[in-house]
**Student:** 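Supplied in structure tokens, the structure appears directly below.
The figures here come from the full heavy-atom set of this structure, side chains too, leaving out hydrogens, waters and symmetry mates. Throughout, a chain's letter reflects where its sequence line sits, starting with A, and its residues are numbered from 1.
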Amino acid sequence: MSALHDETTVVAAERVSAIEGRLTRIGRSMATAMIPVIGAFVIGGLLLAVLGRNPFSFYGNVIHHGLIGSLGRQETLIRMAPLLLIAAGLMIAFPAGIWNLGTDGQYVMGGVIVADLGPELAPHFSGFVLFTTLFVVGFAVAAIWSLIPAILKAWYGINEIISTLMLTFIGLRFSAFLVKEYFYDRETTVPQTRVLAVADRLPRMFSSRVHIGLVVGFVAVIAVHFMMRNTAFGLRLRIVGMNPKAAIHAGMNMKALTLAIFTLSAGFAGLAAAVNIAGVDGVVRAEWNPAVGLLVVPLVFLARFHAASVIAFIAAFAVFQVGGESASRKADIPNFMVLFMVGLLLVFMALGEYMQLRSSRKH
Amino acid sequence: MVLANELTPSVELIGITKTYPGVVANSDIHLTLRPGEVHSLLGENGAGKSTLIGILSGMVQPDAGEIRIKGETVRINSPRDALERGIGTVYQHSLLVPTLTVLDNLLLGVDQGWKLGRDAAKARLQEVSTLLDVEIDPSSVVGDLALGQRQQVEIVRALWRGEGVLILDEPTSMLTPQGAEKLVQVVRRLVSNGLAVVFITHKLNEALDLGDRVTVLRRGKIVGEVTPAELQNRSRAQITDEVLKMIFGEKSDASYAAFASQVSETADETFRVDHLSVEGSGPHPVLDNVSFTLKRGEILGIAGIDGNGQKELAEVLAGQRHADSGEIILDDQSIQNLSIAARQAKGIRYVTDDRHGEGTVGPLSIALNIVLKRVGEVPFWRWSLVRHSSIREFARKLIHDHDVRAPHEEVAISTLSGGNMQKVILARELALEPRVVVYNKPTYGLDARTTSLVLASIADQAKAGVTTVFISTELSEIVSICHRVAVMYRGKLSEPIMVRSGIELKLGALMTGSTTL
Amino acid sequence: MKSQSKKWIRWAQFAGALTVLGSFAVACGSSSNTADTTAPAETAAPAAPAETAAPAAEAIVKTIAILAPEAGNDFGWNQQGVDSAKAAAAELGIEVIVADNLGYGDITPNLRELADQADFIIAHASGYNTAAPEVGAEFKKPVAIVDTPDALKAGLVADYTASPNEGAYLAGVLAAKTTRSGKLGIVVSGEPPSWNSQSAGFADGAKSVDPKIKLLYSIIGPAAYADAEGANRVTKTLIAAGADVIFGQGDGSSFGMLSAIEETPAADGGKVLFIDVIGNKTSIDKGFLLSSVLWDFKSAFVDMIKDVNAGTYGSRNYALNLKNGSISLLKTPLITDAVWAEIEAVKASIINGSLVVENVMDAAGVRSRMSKTTEGK
Amino acid sequence: MNGLFSEVFISSLVSGGVIAGIPLIYAGLGEAISERAGVLNVGLEGMMLGGAYGGFVGALHFHSTWFGLLSGGLTGMIISLFMVVLCVRLNSNQIVVGIAITLGAEGVTALLHGAIYADTYPRVPVVHPYAIPFLSNIPIIGPGFFNHHISAYLAVVVVFFVSWVLKSTGIGLSIKAAGDQPHALEAAGGGVHRIRTISVLSTGLLAGLGGSFIVLVGAGLFVPFITNGKGFLAIVLAMLVRGRVRWLIVAGVLFGMSLSLTTALQLAGIDVPIDLVLMLPFVLIIVVLFAFGRRSYLPAALALPYDREQR
């Protein structure tokens, strides 16, 4: 009995110290969020200095264009929409222990069908009906495409890292084939689909250029977050991810769950493509491969599948991408600098995660 | 024995202290291991035995204190250091690589050079297994071995280079009575060759039988010692009584009650298993025509050495494994084709032996583990949305009813000790109207008191009308609570016989296949 | 308890990241650029009819911007575009903003930023031909696009399209007159229309000299555009099949072709020669560069800017061809004067219209012109 | 065999396939080692690319293919140090660090190449093939398979060597234990961190060799992003062979051959849209996976960090 008593006192003490430490905790977590950024900026700054550029004006330009200036900030927000949707899908797959590394293929497959369908439907439907249809189609096509690795995994135990990576390569080729053979707009010389007219694109918000796809992205990430944490389905997925044997032991239908994980995860990638095509691109060319999925993967991991962190990281990433290209141009260095800086940031964020873990273990 | 005391101690621990966040695992431990002596360490789960072994074997670093080996102060920074200084350990949980062969497991870490000396190793294995009187195929893959066989390999490995000190962490828990007797002989032979043996157990009789000296740990501290002189000169009953007090504090209630009661002659037959078979990849079937019939409230014990098909039988009954032929009948209805979930709904429950592997989801809270098999069900979920308050309330009640020692229901289940984890599993399976419960080694790794609690709760359930299949390797447990017992050997189940006293030796013979069924 | 505090950390991280990024930005970027606040909302509406969207008469181009998908020093498409834009700007005494390495993904952020900063946009990739006019309409800025002649829109959009088939035809003539084995290789990294046009032109030119000449055609492989290794492999394969002149079209991969040619002798033990496209690799050549179909965009760009200034932009497209000198064949020391004279003659007949080179843009048309390895000798 | 399908042409196709396959064998072997030790190395692409650049610079500087291979291998190894420090020592997420390494390497090599070599595009020294006596005289396939630079044969030798190490040596046992049951390795007196460090460094070395082979033997020069996803392909091949590393030789060469096959099909005038032809190599992998790769085995502790005191 006394052992139990001891433990309750410890808990009570923890509670008190938790309230006391809340302020310092906020400070600390802000610091842990910023240290990696500062670290990456310092190393990147050194490289810039070696190349004879002023690091301060470079970073100033990144932030200024990516975050502050209205022109760039809008682009940052627009860029975030598909990234958030892809992240929503990964927030389902990764906690469930499914390594869906094929979002790029799923994105392109969803996108190519939506791009063909959009101009087809636009004259007959408009607004809500049109976009809902396109979103559903994008989601569904990518989900169907992902049935291949899903079935290979659920019925034949075939590792999904291999199958999803391969299906990305295949999907890119297959979509090029579709564009060239079936969806080719014969009025253009370059193989591409017909263009969804600017008037038929997603509505924009608050008299800016930011289309409502951003809202769809935010809603998706938060909804997935809520689903994973508060619904029976989400708990089942997490159990499958944490301990598949326990899931079997508890009587869960592994095949059905595996199919659900793949289709949902891929579906969001398809939805991301649909949003971007209906909101920004309006068209898909043969050989189209925006290759955004692989960039979202580390962000989702670093955010530990938490909606707030996912949104924060994707925002920071988009700021960096949009601002970085502009800043590179102003500094007259190749924009490969952005790629390098993103790599650096990720390395430092991984380091920061380690520091955070260590400090939470200590306290 | 007198001579041994005059020699330099093999190992001396002086003032060893180790704390984990919130727990003092070892506090100011002083312990001396002498060559030629078996030193029994007794204590409940969580008394700090495992940490002490960890420190000796180099897996855990102490916060304070000193270790002397043969009089020389040393630091044991890693298991490698320990092994090089002649301290070999048989761990309670298997620490073998499942994908490697027996021989490669034995060579692991020993042979750091280029070419492995496999031939020499085979010879050495032959030597050691003759010494132990066990038969081990060097080329079989460890993952294919039964748990009991794996433990034999571990003992071989510890003896492999155990020149100075051999630590055995509950080594008999999976052996047959005959096997345990053999181990005793081996240990005797080893100490007569001048080894110091540390024997960790929570079984009082074993500790007293085998140990030349007994030290008792409670809550990380040494609370008492029985010297060789005392062991020789005082009566067993007296010592037992004293040691029990040391282990549990003043009140001692660890002796097994006689749980079994008679099953009513008129009780209906509720559960029938007909000619179940599962084919295997090995030479004989995994399950070979297994049949039995149980009355309401009856407890059938299934004895046998690990790996003879008991686990598979349990899994087939639970619906986790597909049977190639045969039928399972509950209340005159076949449940053969029902899913796991549907069987659960009908009151079939399975208490797995693999607590960490499949019984629980470590990072989840106790509360969620309690509703693990009811995810999505009302009242814990409504409209598919989780209702934490309802889950917590339910969990708190079960935690209280089953005396689970945990700070609260929201802590991760992985932070619980094995015994408390098992109580959570029992609470989960026995809640909400069980009809037939299949237990697979429910007391494995638990201390005497928890074992006794678990057995009592199984017996109580049976009295309340729950039909029970009780799989165990511990004959004493089977004898204490079962009405009938059958033995599994190579997938075949013997005809169940009524439990009576003195049945153990006969069962032991059946378990090793030395008598026909 | 524990999860509560974790939640805190997550949201605090979110808030912290944004706040600190923000304050950092204020500190660094206080020299706020007012131009950023342009782009009024009403431009978000669909492109207005061309006649009303025409820029005001006083709009004189002071700054131009060029957007290129890959590095501006690639000895090819991107470098020619960038260099031509610089030369055009220098000639007219105006500013030029170069944005290269932009890739083929979402180009709109860069387009909008440049549309904001420059008075005239050159979207130097066929992949930009949808986004650029849209952004141009949004900002009421004239843009130039490639390979899309139908997109003409007064004051806003015009196209510059090359007729490289004519230049490639000359290259084909040159190759046919140079080959010893009677087999020519064509290696491409993809099948965009302009390359199809050159492949077909090359084939027709070669066949005009020798109808029985063998043409071996291969696309590199799955990852073609920067696949120098694949280019090297395919080029060597074609050399093994007997080709001793290689007509190569590929961005980064064309360097792999060049190195394969340098390493591998032809079947007769002699040199294999390389005919490049678009750019001029003379400065890095080791004596294997036979020629190149050079594209020069400068005059087109100059004409465009002048038209913008005159208010007539969008009424016509701009052509690169032999006649106006923006397509030409590179003369290297490997070409004898006699052969060069013959080529000049063919060129003259193309320019005066007596010889018409068919412009084939589709892959099937290209393939129909090529030899099959299964055909008998 | 009439027409252009001459013997020289076919052996060139074979030879090209082999050269395309060798980098996959090197890098795949590296990945197989680190996966066996429990580290999922998604940074393979970055290590190959770094190795490609390092090999390029080394070969140019020392005018020697062998120095190029050496410096390429070393560069790969240095890049793998990131993985060692962050993932093996500090237990960071292996996927995050792997992708970071790939992106960083892409950025750095492109920047450096742009700054230093983009005006001259220098070519590395020409490699001299070594024809294996007798074997290279076999008609048709002989010259294709047995007339290569020695570093190509070296790949095969290294595969057999690693296969032997994994099977018959103490370090091999330790590597397998580190991936399957790291606590058992520790209990047996081996150091999990030490073994994983050695494994990841070997991965870096081999990936670097593979990358420099692409530049030195395959392409003859460096261009940005020259590895073009080969690192990811190598990861797939390593998983495909499931620890039986000798099959990597078959897998690598088969994949290379399927690339050559796409060229051959085009030249043979098979009238199929090119995108479908170029899909072939990847479809092939899926088919192989389906036919042989069922229940594919992966080490139990793959991608899990190791912490001695946590079980």
**Student:** Output the distance between atom CZ (A/R238) and atom CG (B/L368), rounded to the nearest 0.5 Å.
**Tutor:** 7.0 Å

**Student:** Any side-chain heavy-atom pair from A/T231 and B/W383 closer than 4.5 angstrom?
**Tutor:**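 A/T231 vs B/W383: side chains apart.
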
**Student:** What part of B/R374 gets closer than 4.5 Å to chain A, counting heavy atoms only: side chain, backbone, both or neither?
**Tutor:** neither

**Student:** Under 3.5 Å, sequence neighbours excluded: what are the donor-acceptor pairs made by side chains of residues 138-150 of chain A?
**Tutor:**
residue: A/S146; atom: OG; partner: A/A143; partner atom: O; Å: 2.8
residue: A/S146; atom: OG; partner: A/F262; partner atom: O; Å: 3.3

**Student:** Output, in order, the C-alpha distance, side-chain angles, deciding distance and verdict of side-chain contact (heavy atoms from CB on, under 4.5 Å) for B/T352 and A/H249.
**Tutor:** CA-CA 9 Å; B/T352 173; A/H249 180 68; 3.7 Å; yes

**Student:** Chain A heavy atoms under 4.5 Å from B/F380: which part of the residue, side chain, backbone, both or neither?
**Tutor:**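 The answer is neither part of B/F380.
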
**Student:** For a quick test of reading the model, state the closest non-hydrogen atom pair linking B/I340 to A/A250 and the distance between them.
**Tutor:** CG2-C, 4.5 Å

**Student:** Just verifying a value: how many Å separate B/R321 CZ and A/I248 CD1, rounded to the nearest 0.5 Å?
**Tutor:**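 With rounding to 0.5 Å, CZ (B/R321) is 11.0 Å from CD1 (A/I248).
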
**Student:** Just by distance, do the side chain of A/N243 and the backbone of B/G362 share a donor-acceptor pair under 3.5 Å?
**Tutor:** no

**Student:** Can you pull out the residues in residues 251-261 of chain A with any heavy atom less than 4.5 Å from chain B?
**Tutor:** A/G251, A/M252

**Student:** Please check if atom CD in B/Q336 has more than 12 non-hydrogen atoms from other residues, nucleotides or ligands closer than 6.0 Å.
**Tutor:**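 Yes, because the 6.0 Å sphere around CD of B/Q336 holds more than 12 heavy atoms from other groups.
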
**Student:** Considering all heavy atoms of both residues, which atom of B/S384 and which atom of A/F233 are nearest to each other, and what is their separation?
**Tutor:** OG-N, 4.4 Å

**Student:** Check each atom of B/S339 against the heavy atoms of chain A and say whether the ones under 4.5 Å are side chain, backbone, both or neither.
**Tutor:** neither

**Student:** I need the A/K245 NZ to B/Q320 CD distance, nearest 0.5 Å.
**Tutor:**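 It comes to 10.0 Å.
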
**Student:** Could you tell me the separation between the OG1 atom of B/T360 and the CD1 atom of A/I239, rounded to the nearest 0.5 Å?
**Tutor:**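 Output value for this atom pair is 11.0 Å.
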
**Student:** For A/L235, which of B/L364, B/V386, B/V361 qualifies under side chain to side chain contact (heavy atoms under 4.5 Å, CB included)?
**Tutor:** B/L364

